[in-house]
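For reference, the structure discussed in these notes is given below.
Chain letters run A, B, ... following the sequence lines, proteins first, then strands; residues in each count from 1. Treat the numbers as computed from the prediction; the structure is a model and nothing was measured.
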Protein chains: 2
Amino acid sequence: MAKADSKDSQQSSGHVAREVARLILTGVWREGATLPREIELASRFGVSRASMRESLSLLKAKGLIASKQKAGTHVRTRFDWNMLDAELLNWTLTALPTQEFAKQIMEIRRIVEPEACAICATRGTDEDFARIERAYRGMDAAGMDRVAYAEPDLQFHRGILIATGNDFLIAFGATVAAALRMSFNLSSTNPGAPRKSLPYHRAVLEEIWARNPDGARQAMHKLMDLTEQNIVSAMSRQKKKDTEDEKARTRRAR
Amino acid sequence: MAKADSKDSQQSSGHVAREVARLILTGVWREGATLPREIELASRFGVSRASMRESLSLLKAKGLIASKQKAGTHVRTRFDWNMLDAELLNWTLTALPTQEFAKQIMEIRRIVEPEACAICATRGTDEDFARIERAYRGMDAAGMDRVAYAEPDLQFHRGILIATGNDFLIAFGATVAAALRMSFNLSSTNPGAPRKSLPYHRAVLEEIWARNPDGARQAMHKLMDLTEQNIVSAMSRQKKKDTEDEKARTRRAR
DNA sequence: AAGAATTATTATGTCAGACATATTTTCTCC
DNA sequence: GGAGAAAATATGTCTGACATAATAATTCTT
């Protein structure tokens, strides 16, 4: 987890890109909108045009924007945004961690991970399984420590994807990572929640070792159920807390 | 199709990025390898360092490379490559359209699209369905014209993903687009093949209109079966042709 | 006055050269 | 031989300039 954190926000260029992305994701700059010219953007963010262009280059690569000579730079339609990109996922997560976002990410996880798990049980090598088991042991060793639990949890899920040998499923690991990070952030209101998933992970592991695709799929499905349950309940709890805070603030303001 | 083509290879910066990506994808620059310093890269590709950096910025965004001050720029591990990115997919497709690649892309399509189709039948609006039907009509109208068939075919599949309302499934459209482009390229050896998928598309459309999730899932599953069949047979045909060409060339050389 | 052709404008695209910064490597000294 | 200081170096950033293509304005024609 800490390693992944150190990866983003590396340079100023990354910061600027993240900020522009935030403005787009939050709808300040809408789809189809033409954003200010490069020189203006550069001065607004306090960097040179060269650096600004590198930031924009990053966002172009993620499908957020497109430029045309003289015409300017415009925001592309949502359909072209590469939401399965690791950074973009994190930016979205911090910019607007809505319930809708959570539901969507869990919906696709439910589609992909159980099947990936079945493939893993079929094609995975013993080394693959050993790596997954190591992750499981790490989770177990973490005990009630939320922070220590997070990293091996990710490795567990990623290990399954890697074991499929399918590059596209492996790339899906970025989405899983974002989902787990979301869960982690939400678990602050219920520190014991993560640990509860341990037996479900164990069930997955056992089915995999048994090379039982159907069982593995089912076990992963149950794990997804639990995860989604945790997330939605945590989000409604959070939402409730937020509205209470809001009320308190208004009361104080009066 | 033509529209999508005009989007890539826009500027010199894109060309250079594509070329560097090719070198990485084909294994000339392996995972973990440190690539030449920016000044050298720039002169090698005949651009300025500023442009070179913009290209590298693009590749950083796609997870292919990472840079550290003084240490240089290195190729990241495959696990970090965002293979679900539209451009990266196309680059891979043109750089090394292997049978392995085809199998992997079809494997994930089989996982995602039938479920997306079921969701589409459940949650899609009538406008969504109408858009999908329009695409179907476009395919029908194309007749045996491979080129005219390709665009509505993509719109059909993309329409289903869009109808789910799930941003991640929508983003998966890039992968589907790459797969269809691959199919299109392969269909040159068998021009009649695309048209054969029409009744399968029709079946999908009908199940969707009937708001029958299970039927829609099944219909899409059958379409996936047919598509995969077409691809693998076309690839083996292509492979056979390639080896024959190879033989002929060796004969001539003697 | 409407429309076509031409010119001017402008924002992105590209270039060159310089300095800043953070590591790595080398060197020095104990 | 190891610890610490100094030098070297590749990326990071900045400035200012010119090229290019698409748009906007202008002129000319009918």
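No side-chain heavy atom of A/Asp167 sits less than 4.5 Å from a side-chain heavy atom of B/Trp81. Counting heavy atoms from C-beta outward, B/Phe172 and B/Ile108 have side chains that approach closer than 4.5 Å.
B/Ser197 and B/Tyr149 share a side-chain donor-acceptor pair at under 3.5 Å. A/His201 and A/Asp140 share no donor-acceptor pair across their side chains, judged by distance under 3.5 Å alone.
C/dG13 atom P lies 13 Å from atom CG of A/Leu41, rounded to whole Å. One atom, CD of A/Glu54, and another, C1' of C/dT12, lie 16 Å apart when rounded to the nearest Å. The nearest whole Å value for the distance from the NE2 atom in A/His74 to the C1' atom in D/dT23 is 15 Å. B/Arg37 places its CZ atom 12 Å from the C1' atom of D/dA8, with the value rounded to the nearest Å. If you measure from atom CD of A/Glu38 to atom C1' of C/dG13, you get 8 Å, rounded to the nearest angstrom. Straight-line distance from the CD1 atom of B/Ile39 to the P atom of C/dA18: 13 Å, rounded to whole Å. Atom pair A/His15:NE2 and D/dG12:C1' shows a separation of 15 Å (rounding to whole Å applied). Going from atom CE of B/Met52 over to atom P of D/dG12 covers 13 Å, rounded to whole Å.
Considering only side-chain N and O atoms, B/Ser67 lies nowhere under 4.0 angstrom from the phosphate OP1 or OP2 of D/dA10. Put simply, B/Ser51 has no side-chain N or O that comes within less than 4.0 Å of OP1 or OP2 on C/dG13.
Side-chain atoms of A/Gln69 lie closest to C/dT12 of the nucleotides C/dT14, C/dT12, D/dT13.
Taking both residues in full, the closest heavy atoms of B/Glu38 and B/Arg53 are given as OE2-NH1, 2.8 Å, listed atom of the first, atom of the second, then distance.
At a cut-off of 3.5 angstrom, the base of D/dG12 holds at least one donor-acceptor pair with the side chain of B/Arg49.
If you find the closest nucleotide of DNA chain D to A/Lys70 and to B/Arg53, the one lying nearer the 5' end belongs to B/Arg53. Ranked by how close their nearest DNA chain C nucleotide is to the 5' end, A/Ala50 and A/Gly72 are led by A/Gly72.
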